[in-house]
Trainee: 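One structure, as structure tokens, below. Some questions next.
Numbers restart at 1 for each chain; the letters A, B, ... are given by sequence-line order, proteins then strands.
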Protein chains: 2
Amino acid sequence: MSTKFNKNMSQKQSTKQRAARFKATRKQHRLETAEDYTELIADLIKQKGEARTCDIAKLKGVSHVTAIRAIRRVKELGYLNSEPRKPITLTKKGKKLAEFCKKRHELVVSLFIKLGVPQDIAEKDAEGAEHHISSKTLDAIEKYVKS
Amino acid sequence: MSTKFNKNMSQKQSTKQRAARFKATRKQHRLETAEDYTELIADLIKQKGEARTCDIAKLKGVSHVTAIRAIRRVKELGYLNSEPRKPITLTKKGKKLAEFCKKRHELVVSLFIKLGVPQDIAEKDAEGAEHHISSKTLDAIEKYVKS
DNA sequence: GTTGACATGTAGCCTAAGCTACATTAATCT
DNA sequence: AGATTAATGTAGCTTAGGCTACATGTCAAC
Ligand SMILES: [Mn+2]
Ligand SMILES: [Mn+2]
Ligand SMILES: [Mn+2]
Ligand SMILES: [Mn+2]
């Protein structure tokens with residue numbers, strides 16, 4: 001039947017769309033470590049003059065071993081330079097990413113605060129949510145926050 | 001010096017706070033699979049009358065093997081019942097979770113749409129962001145969306 | 001009642017992200 | 001200088017979540 005055919009097609013279509021959304025979320029998660037670490041390293045450099053592994057680990061709330069290995073992967077992605085027992089620096093690409101992430105983080109926090117969420121909760125929720133905010137959504141948030 | 005002492009204390013404090021936020025994000029991620037699968041299973045049961053592994057896998061955009069193992073873990077958490085080669089059902093606890101997740105999902109989508117984000121992008125970003133929205137923030141979103 | 005297609009299950013692999021325990025290097029203090 | 005402390009690194013383990021390849025079960029059509 002034509003009806004059945006159409007129903008099957010549209011169902012298959014919406015299935016694919018929904019799957020695509022989950023795939024997008026998984027992609028965002030794969031970038032999350034790089035984003036959080038570069039943002040954090042930029043903060044440390046600004047505040048302390050240098051970013052050392054142990055401080056990064058403390059700020060991130062993980063063991064120094066976890067930090068070391070994450071830093072290695074972020075380095076392999078080209079966002080930072082690190083040599084044994086030396087403080088970590090950001091590459092140009094890393095600085096760009098850190099700057100973007102900081103701005104995005106602040107916008108998401110501002111959104112939540114403008115909606116009436118207490119500062120500390122806004123900060124907490126933003127830390128996770130920020131990685132799922134696409135550029136279009138970010139633009140929309142910026143308009144709302146600055147209005 | 002007292003100055004130095006105070007500075008160190010407040011620095012240590014804010015370090016702990018920031019680490020706590022990252023820890024909260026990791027905790028939210030550990031719940032994410034259970035949330036998405038139960039929501040999805042509830043949808044399938046509503047739309048098709050039953051939730052079968054292969055349909056869950058297709059909707060989630062993963063291989064059926066990945067789905068099988070995720071379903072096992074969600075079952076171990078007490079959200080669903082599954083027996084070999086039978087369709088999956090939700091426990092009372094699972095139905096509660098699915099209902100909550102559906103509502104939260106819709107509210108986050110509505111928020112983005114109200115901010116001017118196109119529907120498809122709103123859906124995509126919400127799929128990831130929803131898991132990082134605490135109850136306080138959800139309340140704030142609900143107020144804004146329904147105003 | 002065979003056959004073929006689709007669903008389900010198992011085996012075995014990978015990577016990311018977490019951990020503890022131990023080893024080594026660097027810095028600080030007496 | 002020597003000892004203590006802190007930082008960094010290594011080894012080795014776990015779990016979650018992804019995959020392919022292969023095996024088995026179910027069901028409908030012929
Ligand atoms: Mn973050
Ligand atoms: Mn997330
Ligand atoms: Mn989701
Ligand atoms: Mn959802």
Trainee: Could you check whether atom CD of A:Glu99 has more than 12 heavy atoms from other residues, nucleotides or ligands sitting under 6.0 Å from it?
Mentor: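 Count not over threshold, so no.
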Trainee: Please check if atom NZ in A:Lys16 has more than 12 non-hydrogen atoms from other residues, nucleotides or ligands closer than 6.0 Å.
Mentor: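 No, NZ of A:Lys16 has 12 or fewer neighbouring heavy atoms, counting only those of other groups under 6.0 Å.
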Trainee: Taking atom P of D:dG17 as reference, at what distance in whole Å does atom CG of B:Leu77 sit?
Mentor: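 The distance from CG of B:Leu77 to P of D:dG17 comes to 10 Å, rounded to the nearest Å.
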Trainee: How long is the line joining CZ of A:Arg26 and C1' of C:dA17, in whole Å?
Mentor: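 About 18 Å, once rounded to whole Å.
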Trainee: Measuring centre to centre across the rings, with the benzene-like ring taken for any Trp, is A:His29 within less than 6.0 Å of B:His29?
Mentor: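 For A:His29 and B:His29, the ring centres are under 6.0 Å apart.
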Trainee: Please give, in whole Å, the distance from C:dA16 P to A:Asp36 CG?
Mentor: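 These atoms are roughly 17 Å apart.
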Trainee: Strictly under 3.5 Å: I want the nitrogen or oxygen pairs between protein and nucleotides 8-16 of chain D, one per line.
Mentor:
unit_1 : atom_1 : unit_2  : atom_2 : d
D:dT8  : OP2    : A:Cys54 : N      : 2.7
D:dT8  : O2     : A:Arg85 : NH2    : 3.4
D:dG9  : OP1    : A:Arg85 : N      : 3.0
D:dG9  : N7     : A:His64 : NE2    : 3.0
D:dG9  : O6     : A:His64 : NE2    : 3.0

Trainee: When the distance from NZ of A:Lys27 to P of D:dG18 is rounded to whole Å, what number comes out?
Mentor: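 Answer to the nearest Å: 15 Å.
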Trainee: Report yes if a side-chain nitrogen or oxygen of A:Thr66 is closer than 4.0 Å to either non-bridging phosphate oxygen (OP1 or OP2) of C:dA17; otherwise report no.
Mentor: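 Result: no.
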Trainee: For B:Glu35 and D:dG17, give me the distance from atom CD to atom P, rounded to whole Å.
Mentor: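 Answer to the nearest Å: 12 Å.
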Trainee: If hydrophobic residues (ILVMFWY) are linked whenever their side-chain heavy atoms come closer than 4.5 Å, directly or via other members, who joins B:Ile113 in its cluster?
Mentor: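 The other cluster members (ILVMFWY side chains, heavy atoms under 4.5 Å, direct or chained) are B:Val109.
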Trainee: Can you run down the side-chain hydrogen bond (donor to acceptor under 3.5 Å, both in side chains) pairs that involve residues 108-121 of chain B, sequence neighbours left out, and say none if there aren't any?
Mentor: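 Sorted pair list: B:Gln119-B:Glu123.
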Trainee: Between P on D:dG17 and NZ on A:Lys23, what's the gap in Å once rounded to a whole number?
Mentor: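 Rounded to the whole Å, the gap is 18 Å.
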Trainee: Roughly, in whole Å, what's the span from NE2 in B:His29 to C1' in D:dG17?
Mentor: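 Value for this atom pair: 13 Å.
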Trainee: What is the distance, rounded to the nearest whole Å, between atom CD1 of B:Ile56 and atom P of C:dA7?
Mentor: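 Distance check: B:Ile56 CD1 to C:dA7 P gives 13 Å.
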Trainee: Would the number of heavy atoms belonging to other residues, nucleotides or ligands and lying under 6.0 Å from NZ of B:Lys96 be above 12?
Mentor: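 No.
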